[in-house]
Amino acid sequence: MTKIKSFWLMKSEPDVYSWDDLVSEGEGTWDGVRNYTARNNMRAMRTGDGVFFYHSNIGVEIVGIAEVSEEAFQDPSDETGRWSAVRVKPVRKLPRPVTLKQIKADPALADMDLITKFRLSVSAVKPAEWDHILKLAGS
DNA sequence: GCCAACGTTGGC
DNA sequence: GCCAACGTTGGC
């Protein structure tokens, strides 16, 4: 069976949980998501999928690449049984962070869910967008 | 099942 | 700290 890799973007406020926190932990549980669209994206994740790690509020930029290390399971912080969590691990830091400003200014990225559904904390990234951002990052 | 009120996210 | 966008809740 062919494994098709998908790409995602996950937002985190760096003063709550930053890229450096993920690196020092080695692996992070992504829980506490209480939005159905975000949850459905998490349930669609497969081990090895690429994840852009985005800092919201402070920095407001994509800072690193992570990958899905454990597929959706029951969110341990939820008692209703409705919500899911995944686990991710860091792959590498981007040589140059890609800012929201850059993304907004780039016609090739104007349709990203990050822009069109800006309040969504877990969004899908198209392969072309993934490659384009890697180029902007000098990676 | 509609929709107004409310709460939260997140850029600025 | 403000406020726009928008998801969720709850009254009817």
Side-chain angles (χ1 to χ4, degrees):
Chain A
M1 190 150 71
T2 309
K3 190 170 176 181
I4 299 167
K5 189 168 167 172
S6 302
F7 302 102
W8 311 95
L9 181 144
M10 296 173 118
K11 295 183 184 179
S12 187
E13 297 183 36
D15 52 356
V16 177
Y17 192 84
S18 70
W19 169 258
D20 287 340
D21 292 331
L22 179 66
V23 169
S24 61
E25 279 192 8
E27 192 178 17
T29 301
W30 216 276
D31 61 5
V33 171
R34 297 292 181 269
N35 170 285
Y36 287 105
T37 307
R39 184 201 69 179
N40 292 343
N41 282 337
M42 286 164 74
R43 289 184 177 175
M45 290 179 182
R46 294 297 168 253
T47 302
D49 279 0
V51 177
F52 281 139
F53 194 103
Y54 175 88
H55 280 172
S56 61
N57 281 310
I58 300 165
V60 194
E61 59 194 7
I62 298 169
V63 291
I65 298 170
E67 69 176 28
V68 177
S69 53
E70 187 176 340
E71 296 178 10
F73 55 95
Q74 172 62 43
D75 185 336
S77 70
D78 163 48
E79 291 173 3
T80 68
R82 280 187 291 173
W83 302 106
S84 298
V86 295
R87 285 173 72 74
V88 298
K89 61 184 183 189
V91 175
R92 65 199 152 93
K93 192 171 185 168
L94 294 180
R96 276 177 280 140
V98 177
T99 64
L100 180 63
K101 197 175 170 186
Q102 276 180 280
I103 292 168
K104 280 185 172 171
D106 195 324
L109 301 173
D111 283 339
M112 280 189 77
D113 284 357
L114 178 66
I115 309 299
T116 60
K117 303 170 193 163
F118 74 94
R119 288 183 56 243
L120 190 60
S121 59
V122 180
S123 60
V125 176
K126 296 175 199 73
E129 295 166 345
W130 180 271
D131 291 343
H132 194 91
I133 287 168
L134 288 183
K135 265 184 220 154
L136 292 178
S139 177

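Below, read A as the first sequence line, B as the second, and so on, with proteins coming before strands; counting in each chain starts at 1.
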With heavy atoms under 4.0 Å as the rule, sort A:Lys101 into base, sugar-phosphate or nothing. nothing
First contact, last contact: which nucleotides of DNA chain C are these for chain A, 5' to 3', heavy-atom distance under 4.0 Å? C:dA5 to C:dT8
According to side chain to side chain donor-acceptor pair (under 3.5 Å), does anything in residues 63-72 of chain A pair up with another residue at least two apart or in another chain? List the pairs. A:Glu27-A:Ser69, A:Thr47-A:Glu71
Taking salt bridge (charged side-chain N to carboxylate O under 4.0 Å, His left out) as the definition, give me every residue that meets it alongside A:Asp113, ordered by chain and number, with sequence neighbours left out. A:Lys117
Would you confirm whether A:Asp75, through its side chain, and A:Gly32, through its main-chain N or O, come within 3.5 Å as a donor-acceptor pair? yes
Is A:Trp19 reachable from A:Val122 through a run of I, L, V, M, F, W or Y residues, each pair having side-chain heavy atoms under 4.5 Å apart? yes
According to the interplanar angle, ranging from 0 to 90°, do the rings of A:Phe53 and A:Tyr17 count as parallel (below 30°), tilted (30 to 60°) or perpendicular (above 60°)? tilted
Set of salt bridge (charged side-chain N to carboxylate O under 4.0 Å, His left out) partners for A:Arg39, sequence neighbours left out: none
Could you say whether A:Lys117 or A:Arg82 is positioned toward the 5' end of DNA chain C, judged by the nucleotide with the nearest heavy atom to each? A:Lys117
Residue mapping more 5' on DNA chain C - nearest nucleotide basis, A:Asn57 or A:Arg119: A:Asn57
Results of salt bridge (charged side-chain N to carboxylate O under 4.0 Å, His left out) for A:Asp31 - residues two or more places apart only: none
Regarding A:Thr37 and A:Asn40, do their side chains bring together a donor and an acceptor under 3.5 Å, going by distance alone? no
If we fit an axis to the first five pairs and another to the last five of the helix from B:dG1-C:dC12 to B:dC12-C:dG1, what angle do they make, to the nearest 10°? 10°
